[in-house]
Structure formats: structure tokens, C-alpha cells
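I have placed the structure first, in the form of C-alpha cells, so that the comments after it can refer back to it.
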Amino acid sequence: MHSLPRPLRSYIRDEKLLPIADKVARGERLSFEDGLLLYGTRDLNGVGAMAHHVRLSRHGLKTYFVASRRLSYTNICYTHCQFCAFQAKPGDPRAYVLSAEDIIKDLEKPESAGVRELHMVAGHYPKLKIEYFEDLFRKVKARFPDLHLKVFTMVEMDYYARVSGISMDEFLDRCVAAGLESCPGGGAEIFDEGIREEICIGKKDANVWLKNAELCHSKGVPTNCTMLYGHIEEPRHKVDHLLRLRDLQDRSLKNGKTAFLAYIPLAYQNENNELSRTHVIHETSGGGDLREIAVARLLLDNVPHIKAYWVMISPGMAQVGLSYGADDLDGTIIEEEIAHDAGAQTPQGLTKAELAHLIRAAGFEPLERDNLYRTYEEEMPVGM
Ligand code: V47
């Protein structure tokens with residue numbers, strides 16, 4: 001297994017970080033106060049070195065990506081999130097709802113060839129009920145039996161169970177019976193109640209997200225987790241968020257069914273939304289993006305994978321993120337709406353060869369994975 005060539009302490013310039021470096025070297029869990037120090041120090045490279053040490057001991061140079069298609073079945077949303085530029089109200093010329101047939105037609109296009117994961121999150125539209133999702137999942141699975149269905153944020157699932165007039169338990173069981181296999185990590189935003197009042201008044205109860213993630217895990221449905229950063233939050237809100245995720249993960253791992261597979265820090269995109277009209281918020285910075293990846297790798301000691309989401313931080317920053325704790329570049333995506341509607345300037349998609357090239361050029365080993373991190377080494381694109 002690869003490891004840093006020198007003792008961890010030798011990479012640290014801020015001596016306040018030395019006790020943390022010692023804990024990391026011994027594999028000890030970090031505290032809330034440690035989290036604050038990691039956010040507060042100027043020694044970003046020291047934080048990165050500690051995260052890289054953990055990444056190397058866990059994954060060596062292995063770096064994952066997935067051939068994935070993003071789709072949103074509707075952009076109509078009755079919930080009010082001030083940071084969201086994707087939502088449309090009924091009657092808006094941008095508003096759309098996709099049928100199962102539209103989605104299948106899209107997946108049959110040449111650009112979707114080889115896709116292994118369909119990742120869908122969408123708006124909260126009360127006309128869509130459980131029957132819509134059962135029909136959608138059954139039809140997509142009948143046409144593409146090997147395509148992994150990764151659908152719903154935890155809040156979305158809660159909403160559609162409520163408008164269907166059934167319990168979350170029943171909603172989840174029926175979706176799984178129809179083909180749902182895992183859930184993305186979106187919709188968590190930031191758990192602090194005060195910040196939620198300002199950025200997502202329509203989703204102010206963080207416990208909904210946490211409770212439903214735990215329910216998914218207890219039923220054997222793996223999920224991911226995220227945090228939206230770079231808006232009006234402070235370091236203490238982020239540490240609190242990460243430790244709430246870590247606590248939940250401890251419980252899910254103890255339960256033994258399944259748990260979070262990956263954590264993805266989501267960099268706030270600051271255009272075309274209400275939050276950007278009412279607050280002056282700068283774009284996140286490269287250093288800030290790297291720190292989020294590194295702090296997550298250090299605090300979330302029980303979540304196996306940390307993604308550097310190139311759509312929100314750029315392919316170049318995501319590539320550097322691989323040396324700051326990330327082991328996953330997410331995927332090919334093909335077409336993305338949520339970040340791009342809010343101003344993201346990144347490409348819509350990257351090919352497998354482009355992802356493999358980014359990973360190799362940063363000194364790591366690319367591995368195409370499926371949703372459960374099983375790899376397809378024999379099919380790796382070469383010759384870039
Ligand atoms: O749910 C919305 C967030 C999420 C903005 O699980 C915004 O593998 C930034 O969940 N700026 C969608 N973020 C993205 C997401 C995701 C991405 C990559 C991988 C995975 C995974 C999940 O983006 C939304 C919301 O939480 N979001 N608006 C915005 N302006």
C-alpha cells in the first residue's frame with residue numbers, strides 16, 4: 001500500500017495542527033474542536049497532507065469514476081429553496097415533466113451508450129404519485145435491466161410519500177420492488193436549523209433527511225451524503241453537519257445492512273437564484289474547495305468514499321482534490337441542470353477517457369466502477 005514518504009508531522013507548518021496530525025497518524029477519531037481547527041488554519045497543505053495520508057491508507061492510488069447519466073424527471077417544484085435555480089413553477093415556460101417513454105428514448109441515444117447508472121433527482125410536484133414512479137422504474141428496468149437506478153433525495157422521497165398518502169416505509173418498499181437500487185446524497189444542504197431558515201425555508205427540518213437516510217440503510221438501500229457549502233454558513237455549521245453524518249453512519253454500520261457509500265461536498269453556485277439576489281455571496285475558491293474535501297476525509301472516518309464533484313468545482317480542481325483526500329471523480333454525467341442553471345461554467349459531461357486522463361495525469365490509477373464500487377478494470381480506456 002502507498003504511504004507518505006515522511007512522518008505526517010513533517011508536513012505540518014501550523015503547530016496547532018500537530019496534535020491532530022498525531023491523532024490521524026494513530027487512526028484516532030477527530031473531535032468537533034479539531035474540525036474547527038482544520039477549517040481555521042492557514043496551513044491548507046498541512047490539512048491536505050493529513051487527508052492524503054488517510055486516502056492513501058484506505059485506497060492507495062485507486063481513483064474511481066462511473067459511467068453515469070443525470071436526468072431530472074421534472075423541474076416543477078412546490079418547495080421553496082432560496083439557493084435553487086433549477087426549480088420552475090407550473091405555467092413557467094421552462095416547466096417540464098418527463099414520462100417513462102421520454103426517459104427511455106433519452107437513454108437510447110448514442111451518447112448514453114455504456115451508461116451503468118441513472119442518477120435522478122428532481123422537483124417536488126404534487127401531481128406525481130407513487131404509481132408514476134413504479135411505472136417509470138419498471139419500464140426503465142424492463143428496457144435496461146443492467147442499468148442501476150439511483151433516484152431521490154431523502155427530502156424528495158418524503159415529499160412523494162406524503163403526496164401519495166402512504167408511509168415512507170411503504171413508498172420505499174414499493175419503489176425498491178419496482179427497481180430502485182440506491183439514492184443520491186443531495187437535498188441535505190446544511191443541517192443547522194438557523195441557516196436552513198435562510199437558505200431553504202421549505203425544507204427547514206433537517207431531521208427528515210437524516211431519518212430517511214437511516215430508514216434506507218436499515219432496508220438495505222445504500223445512499224450518499226452531501227453538504228452544500230460556500231453560502232452563508234460558518235465553519236461551526238459545517239463541522240456540526242459532518243458530525244451528524246458521522247453519527248448516523250456509525251448507527252447504520254452497527255445495524256449491519258448498508259450505509260453511506262460516498263460523501264460529496266457541493267460548492268454553492270451563486271447565479272439565477274433568490275439567495276444570490278438577496279445576499280452578496282462570492283463563488284467558492286479553489287482553496288476552499290480543496291479544504292472541504294480534505295476536512296471531510298478527516299472527519300468522516302467511517303464513510304469510505306469522498307467525491308470531488310468536477311461539475312461544481314471544475315475538472316482541474318477535482319483533479320487536485322485527489323491529492324486532498326478524494327478518491328472518486330463521480331462520473332460522465334452527460335447533461336446536468338441543477339448546477340448549470342445556477343451558473344456553473346463547467347462542461348455538461350466528460351468522457352470516460354477524459355476522466356481516466358485527469359486521474360492518470362494527477363498520478364493516480366483510474367478504475368471504472370459501478371454504483372457499489374465494483375470495478376471494471378478490463379474495460380478501462382487507455383492510450384490517452
Ligand atoms: O439536491 C441545488 C444541490 C444537489 C444548488 O449522490 C446546489 O453521487 C450548489 O445531489 N449550488 C444535486 N448546489 C447534486 C447532488 C449530487 C451531486 C453529485 C453526486 C451526487 C451523488 C449527488 O445540489 C441538490 C442540492 O442539494 N444544489 N442548488 C446550487 N445553486
Side-chain angles (χ1 to χ4, degrees), residues 64-66 68-72 75 77 79-87 116-124 148-159 181-191 195-196 199-200 202-203 206 209 213 216 221-233 241 245 260-277 279 281-284 289 292-293 296 303-313 318 321 326 328-333 336-346 349 369-373:
Y64 301 93
F65 68 88
V66 62
S68 151
R69 174 75 171 100
R70 280 305 142 94
L71 272 177
S72 296
N75 63 351
C77 193
T79 302
H80 189 65
C81 294
Q82 291 91 316
F83 57 80
C84 181
F86 167 70
Q87 58 187 312
R116 300 184 195 273
E117 168 195 277
L118 176 62
H119 171 136
M120 291 202 288
V121 292
H124 300 173
H148 180 103
L149 289 187
K150 175 185 174 208
V151 190
F152 297 129
T153 71
M154 297 300 105
V155 185
E156 210 175 336
M157 208 182 257
D158 184 77
Y159 181 84
E181 288 159 292
S182 71
C183 301
E189 324 316 354
I190 199 144
F191 294 138
I195 301 290
R196 287 179 95 79
I199 69 163
C200 52
K203 297 198 257 214
W209 194 97
C216 286
V221 179
T223 71
N224 288 337
C225 53
T226 59
M227 178 176 76
L228 180 66
Y229 69 91
H231 40 89
I232 58 166
E233 85 287 0
H241 184 100
L245 291 175
F260 293 129
L261 296 173
Y263 167 81
I264 311 102
L266 299 176
Y268 172 59
Q269 311 294 306
N270 66 351
E271 288 179 27
N272 309 321
N273 57 29
E274 189 180 325
L275 197 58
S276 66
R277 288 187 278 274
H279 294 69
I281 300 174
H282 297 292
E283 263 180 46
T284 66
D289 296 333
E292 289 305 333
I293 292 169
V303 176
H305 301 284
I306 306 289
K307 287 189 192 180
Y309 186 40
W310 62 263
V311 171
M312 289 185 182
I313 62 173
D328 189 330
L329 275 194
D330 196 71
T332 48
I333 314 276
E336 200 279 340
E337 294 173 277
I338 295 174
H340 286 90
D341 285 352
Q345 298 297 313
T346 48
R369 64 165 174 86
D370 69 3
N371 201 268
L372 302 173
Y373 288 84

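Note that ligands are numbered from 1 as they come in the structure, with each ligand's atoms numbered from 1 the same way.
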Under 3.5 Å, N/O to N/O: give me all the pairs between ligand 1 and the protein, one per line with atom names and distance.
unit_1, atom_1, unit_2, atom_2, d
ligand 1, 1 (O), Gly187, N, 3.0
ligand 1, 6 (O), Gly185, N, 2.8
ligand 1, 6 (O), Asn224, ND2, 3.1
ligand 1, 8 (O), Lys150, NZ, 2.8
ligand 1, 8 (O), Asn224, ND2, 3.0
ligand 1, 8 (O), Lys307, NZ, 2.6
ligand 1, 10 (O), Gly186, N, 3.3
ligand 1, 11 (N), Gln269, N, 2.9
ligand 1, 26 (O), Gly187, N, 3.2
ligand 1, 26 (O), Glu189, OE1, 2.7
ligand 1, 26 (O), Glu189, OE2, 3.2
ligand 1, 30 (N), Phe83, O, 3.0
ligand 1, 30 (N), Gln269, O, 3.1

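Residues that satisfy the side-chain hydrogen bond (donor to acceptor under 3.5 Å, both in side chains) test with Asp330, not counting sequence neighbours, are Arg70, Lys307. With sequence neighbours left out, His340 forms a ring pair (Phe, Tyr, Trp, His ring centres under 6.0 Å) with no residue at all. Listed by chain and number, the residues in a side-chain contact (heavy atoms from CB on, under 4.5 Å) with Asn75 are Phe86, Ala88, Arg94, Ala95, Tyr96 (sequence neighbours excluded).
Each of His124, Glu274, Lys203 was evaluated against His80; a single residue qualifies, Glu274, per the side chain to side chain donor-acceptor pair (under 3.5 Å) test.
Relative ring orientation between Trp209 and Phe191 is described as tilted, the plane-to-plane angle lying within the 30° to 60° band.
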Discussion item. Test side chain to side chain contact (heavy atoms under 4.5 Å, CB included) on Ile190 and Met227; report intermediate values, then the result.
Written reply: CA-CA 6 Å; Ile190 199 144; Met227 178 176 76; 4.1 Å; yes

